[in-house]
Amino acid sequence: MTVLLPLTAGAKDYVITDFGAVSDTTVLSTEAIQQAIDRCSEAGGGRVVVPAGMYMTGTLVLRSHVNLYLEQGATLYGSTRLEDYRPMKTDYVSLRTQTATVQLLYADHVEDVSISGYGTIDGRGRAFKKQSWNDEGITRPHLLRFVQSRDISIEDVTLRNSGCWMQHYLACDRLQIRGIKVQNRNNYNNDALDLDGCHDVIVTGMIADSDDDGITLKSTSPRLCENIRISDCVVSSHCNAVKLGTETNGGFRNISISGIVVKPSSDQSTQFFGAPSKIGTSAISLEIVDGGTMENVSLSDFTVEGTESPIFIRLANRGRGYKLRGGDGTLSGNGNDDTITELIPIDHVGTMRGLHMSRISVRNAGPVGCSITGLPGHPVEDVWLTDITIHHKGGVVQADLPKIDEAMKDEKEREYPEATMWGNLPAKGFYVRHARHVSFQNVEVTTTLPDARPMYIRIDEN
């Protein structure tokens, strides 16, 4: 059953074919669909209905009080021509808004907007070739992007084949995502979901299959991701199934994630990123590497098949932290200041404390092991791991241990954080370095092949 946001009394349907949209993927229907959206919003709200059929469109700008409703059998196809996408530049300042970006569906400063129904939005992202290391959103469109918006609902729809990130929600409040299906394995940077500096978010019942990260929380401005509940999802990823990071300028606070099934993709025909073995890089990655704060984060009831390194907790200093400069030249940590004009790079180490993991079951993992690592003088603090079972391949022999120990002498303070960044760890269970108050209760690790490593190694820990 589809639950729509409250709309103005007497709201009506605006069917896109009434405005000239054509069920024909050789005909561009952008103008007709945009007219339906604009007319609906101007009238005070209602449903913009995409009836059964196949419609091609370029960039559509969503408006307040509009429910974009896709009937079962309806598919919106993104144009494969970059010139059909409108470059959009928000006034919100973050690492991801320094240039204009292109996307299929875009919204900025809107409220009471929903996308629902049992139809499909397909970005046909494979048509857009990667041209540089940071071209996502520039020459490869996002499929869905909401910026500084509130009271947003995404429900039941199927989202496929973005040019880069599938859905990016930046500085949004009161967002609900329910029962959607995401298939994003056709290009580089194919994340399934990116929540970026959002507050008061509920995500439930998502089934996602992504080449890059799956459920991803980011903070590309000083605004934290805060008060977020994610539950009852199935995630496949060649990279990190659930990840807080890598961009962490503000950080993460009051995050609850539970009831997650992590499994390898059933479609291994194409791979752009991730572990060579195709089982994924990690099930859980928690990272603060660009400054920022992580506190009061709870993850529970994970059932995991595969991944090279199931649990990765990392505090480091990549040096990409930013503060904002206002119009008067002063630095500010407030991501909502209307006078902000630019981002100023700063170099500092953030903090991680109050991390809880419980009832996690992992089988058929790779031999890397799990890690909890900070930096000298900057420990990860107050971590509780309870009722965790991990079964992995094992197979590390005694002769390999000196080489592994030597590799760990490099702190890799400024390297991109990845669960496999050191290769096989010195411990077959958990390698802990530069940490305080880490508690293990009822944690068991078994291996298929004999493994010479100890269960735990704990260095510079109190």
Side-chain angles (χ1 to χ4, degrees), residues 28 30 33-34 37 57-63 68 76-110 113 115 121-150 152 154 159-172 175 182 184 186-198 210-213 216-223 225 246-247 249-250 272 290 320 322 324 335-336 340-343:
L28 199 63
T30 310
I33 301 171
Q34 189 65 59
I37 292 169
T57 181
T59 297
L60 298 172
V61 180
L62 300 176
R63 309 293 189 193
L68 179 64
L76 279 180
Y77 284 102
S79 170
T80 57
R81 303 191 319 158
L82 189 61
E83 55 265 38
D84 293 329
Y85 293 82
R86 291 172 53 187
M88 309 296 289
K89 181 74 166 68
T90 180
D91 60 2
Y92 188 82
V93 181
S94 82
L95 286 169
R96 293 280 177 171
T97 58
Q98 296 304 287
T99 61
T101 59
V102 292
Q103 40 276 308
L104 187 61
L105 298 175
Y106 181 79
D108 192 1
H109 282 298
V110 301
V113 173
I115 300 173
I121 305 173
D122 190 324
R124 298 199 285 186
R126 189 167 292 192
F128 304 94
K129 302 304 180 185
K130 185 174 178 63
Q131 298 184 17
S132 65
W133 72 272
N134 63 343
D135 67 341
E136 59 266 29
I138 309 300
T139 58
R140 290 182 292 128
H142 300 92
L143 188 133
L144 177 61
R145 197 179 203 203
F146 279 83
V147 184
Q148 49 192 345
S149 298
R150 62 184 183 180
I152 307 302
I154 314 295
L159 306 178
R160 292 181 180 163
N161 303 326
S162 179
C164 53
W165 290 0
M166 177 61 74
Q167 39 186 340
H168 183 203
Y169 304 93
L170 173 60
C172 292
L175 165 67
V182 177
N184 205 25
N186 73 136
N187 212 324
Y188 292 89
N189 310 102
N190 267 179
D191 290 8
L193 168 65
D194 291 274
L195 304 173
D196 184 350
C198 292
S210 59
D211 180 74
D212 207 330
D213 297 329
T216 313
L217 277 61
K218 292 182 176 289
S219 180
T220 63
S221 75
R223 199 175 199 261
C225 272
T246 298
E247 293 152 317
N249 300 291
F272 296 91
D290 302 315
R320 286 185 60 190
Y322 281 79
L324 303 174
N336 299 314
I340 289 165
T341 58
E342 60 179 323
L343 292 166

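Heavy atoms only: backbone and side chains are in, while hydrogens, waters and symmetry mates are out.
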Check whether the side chains of Ser79 and Tyr85 place a donor and an acceptor atom closer than 3.5 Å, and report yes or no. no

Taking atom CG of Leu76 and atom CG of Leu60, what is their separation to the nearest 0.5 Å? 7.0 Å

Has Arg160 got more than 12 heavy atoms of other residues, nucleotides or ligands less than 6.0 Å from its CZ? no

With distance as the sole test, does Asp122 use its side chain to make a donor-acceptor pair with the main-chain N or O of Tyr77 at under 3.5 Å? no

From the options Ile121, Asn190, Asn186, select the one residue that forms a side chain to side chain contact (heavy atoms under 4.5 Å, CB included) with Asn161. Asn186

Mutual orientation of the aromatic rings belonging to His142 and Trp165 [parallel < 30°, tilted 30-60°, perpendicular > 60°]: perpendicular

Are the side chain of Thr30 and the backbone of Leu28 linked by a donor-acceptor contact shorter than 3.5 Å? no

Under the side chain to side chain contact (heavy atoms under 4.5 Å, CB included) criterion, do Val113 and Leu68 qualify, and how do the steps go? CA-CA 8 Å; Val113 173; Leu68 179 64; over 6 Å; no

Are Asp108 and Gln148 close enough that a side-chain donor and a side-chain acceptor fall under 3.5 Å? yes

When you check the side-chain N and O atoms of Asp196 and Thr220, is any donor under 3.5 Å from an acceptor? yes

Can you list the steps and then say if Ser162 with Asn184 is a side-chain hydrogen bond (donor to acceptor under 3.5 Å, both in side chains)? CA-CA 6 Å; Ser162 179; Asn184 205 25; 4.8 Å; no

Give me each pair satisfying salt bridge (Lys or Arg N to Asp or Glu O under 4.0 Å) with a member in residues 134-145, each pair once, sequence neighbours excluded. Arg96-Glu136, Lys130-Asp135, Asp135-Arg140, Glu136-Arg140

